[in-house]
A.B. asks: 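Could you have a look at this structure, given as structure tokens, before my questions?
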2 protein chains.
Amino acid sequence: MLSNSLAYAIKALIYISHNSSETERITLKEVSDSTEVPKPYIAKILQDLVRNNVLHSIKGPNGGFYFSEEGLDISLLQVVHILEGPDKYNKCLLSLKDCNASSPCPLHDNIGQVRVELLKRLEQITFRQLMQHKKSVDLF
Amino acid sequence: MLSNSLAYAIKALIYISHNSSETERITLKEVSDSTEVPKPYIAKILQDLVRNNVLHSIKGPNGGFYFSEEGLDISLLQVVHILEGPDKYNKCLLSLKDCNASSPCPLHDNIGQVRVELLKRLEQITFRQLMQHKKSVDLF
DNA sequence: ATATTTAAAGACCTTTTTATCTTTTTTTAT
DNA sequence: ATAAAAAAAGATAAAAAGGTCTTTAAATAT
């Protein structure tokens, strides 16, 4: 239901949210080791998130990735938009061009409700919330 | 949210459900023309559905695809299982092995509910229902 | 200044999904 | 029997997703 890359990103971000601050950065190696996502692959994903200001990073000794205070309030939906584009959960389930509330496709009212609910929840969930989840501490 | 192939399959099946019977078969060409799915691609999908008894087909002149009476009661979930395998909407959103109600991952209770609702609806919807949808007549 | 540590960038490879083309098999009408 | 109509099967190609490797750039400690 969620892509591989998105699930990896969420795991990595939860890990970083727990362990980082502006002064305590997490290295790529640590993220890769703890989340068990291949290093070059998670690197690509994190680079993308840094470019889009979800995370910050600093190079060199004692460098690494960290969440700023504001970053923690980024929603899952924003991460989806960055990694998969804005259309991922936002188009007609049958890819019809003229599907809408007044002229709905046969799935629009039924499965479409689920899609809308998914969007709503993705928008509500932030990393500040996720990091408070009890399991997220020993996820890794 | 749904794969390309699955959306194609659903469109084709809705079309066939409207226009076929054991004596009136729909040719591949007609399906391809009406749904605007490339012929060889929709052929592959329909073959798969025939092998799995969702549809029936007959070769030769006046041949084609048709839904049997029982076929119309096949659920969308069964089609998902055939085309995408049983795990598609059935595993932990973060792909954790030990994610369950008593030890849920951080998405389990929230996004997981949406997943369960999706499964429930996919299971309830049959082609007999979909063919009664008003738009499904002039979908194509 | 230099060496070391670390992320960034870019080239490359593999697998899966999407799509096309060609040949074969089956059925029917003549 | 033969020709035509149609699906089945299989081989191939293109694009996207997933994954790896190497080089470059930046920061820090010495």
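Only this structure's heavy atoms are used, side chains among them; waters, hydrogens and symmetry mates stay out. Proteins get letters first, then strands, A, B, ... in listed order; numbering begins at 1 in each.
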A.B. asks: Determine the contact category for B/Leu46: base if any of its heavy atoms lies under 4.0 Å from a base atom, sugar-phosphate if only primed atoms, P, OP1 or OP2 are that close, otherwise nothing.
C.D. replies: nothing
A.B. asks: Over how many whole Å does the gap from B/Asp33 atom CG to D/dA6 atom C1' extend?
C.D. replies: 15 Å
A.B. asks: Quick check on C/dA9: is either OP1 or OP2 less than 4.0 Å from any side-chain nitrogen or oxygen of A/Arg51?
C.D. replies: yes
A.B. asks: Compare all side-chain heavy atoms of B/Glu30 with those of B/Ser34 and state whether any distance is below 4.5 angstrom.
C.D. replies: yes
A.B. asks: Using atom CG of A/Asp48 as one end and atom C1' of C/dA8 as the other, report the distance to the nearest whole Å.
C.D. replies: 12 Å
A.B. asks: For B/Tyr41 and B/Ser5, what are the C-alpha separation, side-chain angles and deciding distance, and is it a side-chain hydrogen bond (donor to acceptor under 3.5 Å, both in side chains)?
C.D. replies: CA-CA 9 Å; B/Tyr41 191 33; B/Ser5 294; 2.6 Å; yes
A.B. asks: Figure out the OH/P separation between B/Tyr66 and D/dA7, and round it to whole Å.
C.D. replies: 13 Å
A.B. asks: Write down the distance between CD (B/Gln47) and P (D/dA9), rounded to a whole number of angstrom.
C.D. replies: 6 Å
A.B. asks: Side-chain donor-acceptor contacts of residues 106-121 of chain B below 3.5 Å, not counting sequence neighbours, with atom names and distances?
C.D. replies:
| residue | atom | partner | partner atom | Å |
| --- | --- | --- | --- | --- |
| B/Asn110 | OD1 | A/Arg121 | NH1 | 3.3 |
| B/Gln113 | OE1 | A/Arg121 | NH1 | 2.9 |
| B/Gln113 | OE1 | A/Arg121 | NH2 | 2.9 |
| B/Arg115 | NH1 | B/Tyr89 | O | 3.1 |
| B/Glu117 | OE2 | B/Arg121 | NE | 2.7 |
| B/Glu117 | OE2 | B/Arg121 | NH2 | 3.2 |
| B/Arg121 | NH1 | A/Asn110 | O | 2.7 |
| B/Arg121 | NH1 | A/Asn110 | OD1 | 3.3 |
| B/Arg121 | NH1 | A/Gln113 | OE1 | 3.0 |
| B/Arg121 | NH2 | A/Gln113 | OE1 | 3.0 |

A.B. asks: Provide, to the nearest angstrom, the distance between the NE2 atom belonging to A/His56 and the C1' atom belonging to D/dA26.
C.D. replies: 17 Å
A.B. asks: Who are the side chain to side chain donor-acceptor pair (under 3.5 Å) partners of B/Ser95, not counting sequence neighbours?
C.D. replies: none
A.B. asks: Look at all strands and tell whether A/Ile26 reaches a base, only sugar-phosphate, or nothing, counting heavy atoms closer than 4.0 Å.
C.D. replies: sugar-phosphate
A.B. asks: Could you list by number each residue of residues 80-95 of chain B showing a heavy-atom separation from DNA chain D of less than 4.0 Å, or answer none if no residue does?
C.D. replies: none
A.B. asks: side-chain contact (heavy atoms from CB on, under 4.5 Å) with A/Glu69: which residues, sequence neighbours excluded?
C.D. replies: A/Leu72, A/Arg128
A.B. asks: From CD of B/Glu24 over to P of D/dA6, roughly how many Å is that when rounded to an integer?
C.D. replies: 13 Å
A.B. asks: Going by heavy atoms in the side chains, are B/Leu76 and B/Leu130 under 4.5 Å from each other?
C.D. replies: yes
A.B. asks: List the protein contact pattern of nucleotides 12-26 of chain C with one symbol per nucleotide (5' to 3'): B for base contact, S for sugar-phosphate-only contact, - for none; contact means a heavy-atom distance under 4.0 Å.
C.D. replies: ------SBBB---BB
A.B. asks: Using whole Å, report how far CD1 of A/Ile58 lies from C1' of D/dA25.
C.D. replies: 15 Å
A.B. asks: Under 4.0 Å: is that the gap between some side-chain N or O of A/Asn62 and OP1 or OP2 of C/dT5?
C.D. replies: no
A.B. asks: Please name the nucleotide paired to D/dT23 by Watson-Crick or G-U wobble geometry with both distances under 3.5 Å, or report none.
C.D. replies: C/dA8
A.B. asks: Within less than 4.0 Å of OP1 or OP2 of C/dA8, is there a side-chain N or O belonging to A/Ser57?
C.D. replies: yes
A.B. asks: What I'd like to find out is whether the side chain of A/Tyr8 reaches to under 4.5 Å of the side chain of A/Thr35, using heavy atoms alone.
C.D. replies: no
A.B. asks: Once you round it to whole Å, what is the distance between C1' of D/dA9 and CG of B/Leu28?
C.D. replies: 13 Å
A.B. asks: Applying the side chain to side chain contact (heavy atoms under 4.5 Å, CB included) criterion to B/Val80, which one of B/Asn90, B/Ile10, B/Leu6 satisfies it?
C.D. replies: B/Leu6
A.B. asks: Taking only distance into account, with no hydrogens and no angle test, what donor-acceptor pairs under 3.5 Å do side-chain atoms of residues 45-67 of chain A form with protein atoms, sequence neighbours excluded?
C.D. replies:
| residue | atom | partner | partner atom | Å |
| --- | --- | --- | --- | --- |
| A/Asp48 | OD1 | A/Asn52 | ND2 | 3.3 |
| A/Asn52 | ND2 | A/Asp48 | O | 2.8 |

